[in-house]
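See below for the structure under consideration.
Just so we're on the same page: letters track the sequence lines, and every chain starts at 1. In this text the structure is predicted, and so the values were computed from the model without any measurement.
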There are 2 protein chains.
Amino acid sequence: MTADPHPTAGSASHHGHDHAHCIADALMRADALCAERGARLTALRRQVLELVWNSHKPRGAYAILEDLSQREGKATAPLTVYRALEFLVEHGLVHRIESLNAYIGCAAPGAVHSGQFLVCETCGNAVEIDDPRIRAAIGTIAAEHGFQVSRPTVEVRGTCTDCQEKTP
Amino acid sequence: MTADPHPTAGSASHHGHDHAHCIADALMRADALCAERGARLTALRRQVLELVWNSHKPRGAYAILEDLSQREGKATAPLTVYRALEFLVEHGLVHRIESLNAYIGCAAPGAVHSGQFLVCETCGNAVEIDDPRIRAAIGTIAAEHGFQVSRPTVEVRGTCTDCQEKTP
DNA sequence: TCCGGCGATGTAATAAGATAACGCCATGAC
DNA sequence: GTCATGGCGTTATCTTATTACATCGCCGGA
Ligand SMILES: [Zn+2]
Ligand SMILES: [Zn+2]
Ligand SMILES: [Zn+2]
Ligand SMILES: [Zn+2]
């Protein structure tokens, strides 16, 4: 299961896909998931999730904060956003990209996966993948070291197809 | 080549290995490497490298800064440390652990490798590995996506052998 | 030798990211 | 109604990282 919902690998909004659909879909899945788990996807958290999904690029907490403040028409405190993000990450609706200090919507919430990303250094898009080979390799080597894995992080920086074509 | 120089996997200073040797060795290799490349391993940079190697735990830039200030007997600016770290990272003498905002000495400088780590959430030790299967898996999936890799990041959080034994 | 260039370092200020401490209020169980 | 819980607001503070500008020292060319 490669979790990329976009047929054109590495693509994003500039490819003119129906991103409104991406957002609506993400929100719907979140509603369903939280209902199923008895988790409270409050208005605020839902709002933050929607803002995270504003693009397929990882977004910083303070960028989200700005959006939120603007949308609410009043200044919001950083903590508000961080708390919402914490909830969303805990429930697997959002991933944190460690190497960017940024957050991105999960492409396959609910499914068991470990969060692996191809992050383009040029356009900023990040594609979530979930390659069983990588997972397996990490599991194997961890076992060899007697290491008990709790959270694997794979973030591959580089250049996506589109950006390679633009700068050959 | 699993780059762990310590026979007891995941070990560190508390195992009583000769850490002075680790440091001396790291500095020697750094000298050699920089000489070979015509890079200037200045006194300051060498000092910072030594401080990074103070343990096998990743260390924050400001922790290193404190050590440096103390050793120099005068306050040092953050930028001083960040510049030195930038140099060391560029030359592969030090790795940055993204998920910790911290820095750790490279176990195999000079050799081509991608920096993969097993990071214990309990004791803070980080063991550098360089598993060809992980590298290969990342290479394969990147190719499948037409993605050109520049810097793969693999940071596996979890619990090391020692810490598992202590808390069964 | 003197000069100009360049890379390394010093200094100060500030940006960006994240958390701590405290309290109020809505919800729901009893 | 009462109480406990969890979510949210407010304020202050902390950690991490960078920007802007000045200075120093080394080295090659005039
Ligand atoms: Zn989309
Ligand atoms: Zn995901
Ligand atoms: Zn290394
Ligand atoms: Zn440990």
Rounded to whole Å, OH of A:Tyr103 lies from P of C:dA16 at a distance of 16 Å
A:Gln47 CD to D:dG7 P, in whole Å, measures 18 Å
Taking the six-membered ring for Trp, does B:Tyr62 stack with D:dT16 (centroid gap under 5.5 Å, planes within less than 30°)?
yes
Atom OH of A:Tyr82 and atom P of C:dG17 are separated, to the nearest Å, by 7 Å
*Is there a side-chain contact between B:Lys57 and B:Ile104, using heavy atoms and a 4.5 Å cut-off?*
no
Atom CG of A:Leu65 and atom P of D:dC8 are separated, to the nearest Å, by 15 Å
Separation of D:dT16 atom C1' from B:Ile97 atom CD1, nearest Å, is 16 Å
Any side-chain heavy atom of A:His91 sitting closer than 4.5 Å to one from A:Leu41? no
When rounded to whole Å, the CG to C1' distance for the pair B:Leu79 and D:dT19 reads 9 Å
- Under 3.5 Å, is there a donor-acceptor pair linking the side chains of A:Glu98 and A:Thr153? no
Tell me whether B:Val94 shares a hydrophobic cluster with B:Ile97, the cluster being built from Ile, Leu, Val, Met, Phe, Trp, Tyr side chains joined at under 4.5 Å. no
I'd like a list of close polar pairs between nucleotides 6-8 of chain C and the protein, N/O only, cut-off under 3.5 Å.
residue: C:dA8; atom: OP1; partner: B:Arg45; partner atom: NH1; Å: 3.3
residue: C:dA8; atom: OP1; partner: B:Arg45; partner atom: NH2; Å: 3.4
residue: C:dA8; atom: O5'; partner: B:Arg45; partner atom: NH2; Å: 3.4

- Query: Below 3.5 Å, does any donor atom in the side chain of B:Arg83 face an acceptor in the base of C:dG10, or the other way round?
  - Reply: yes
Quick one, B:Cys120 and B:Asp162 - any side-chain contact, counting heavy atoms below 4.5 Å?
no
| Close side-chain approach of B:Arg46 and B:Asp31, heavy atoms under 4.5 Å | yes
Any chance you could lay out the salt bridge (Lys or Arg N to Asp or Glu O under 4.0 Å) test for B:Glu144 and A:Arg133, step after step, and finish with the verdict?
CA-CA 13 Å; B:Glu144 285 169 12; A:Arg133 288 162 293 188; 3.3 Å; yes
inquiry  = Quick check on C:dA16: is either OP1 or OP2 less than 4.0 Å from any side-chain nitrogen or oxygen of A:Arg59?
reply    = no
Closest to the 5' end of DNA chain C, once B:Pro78 and B:Asn101 are matched to their nearest nucleotides, is B:Pro78
Between CG of B:Leu88 and C1' of C:dT9 the distance, given in whole Å, is 15 Å
Result for 5'-nearest mapping on DNA chain C, choosing between B:Thr80 and A:Gly60, is B:Thr80
Taken to the nearest whole Å, CD/A:Glu98 to P/D:dT16 is 14 Å
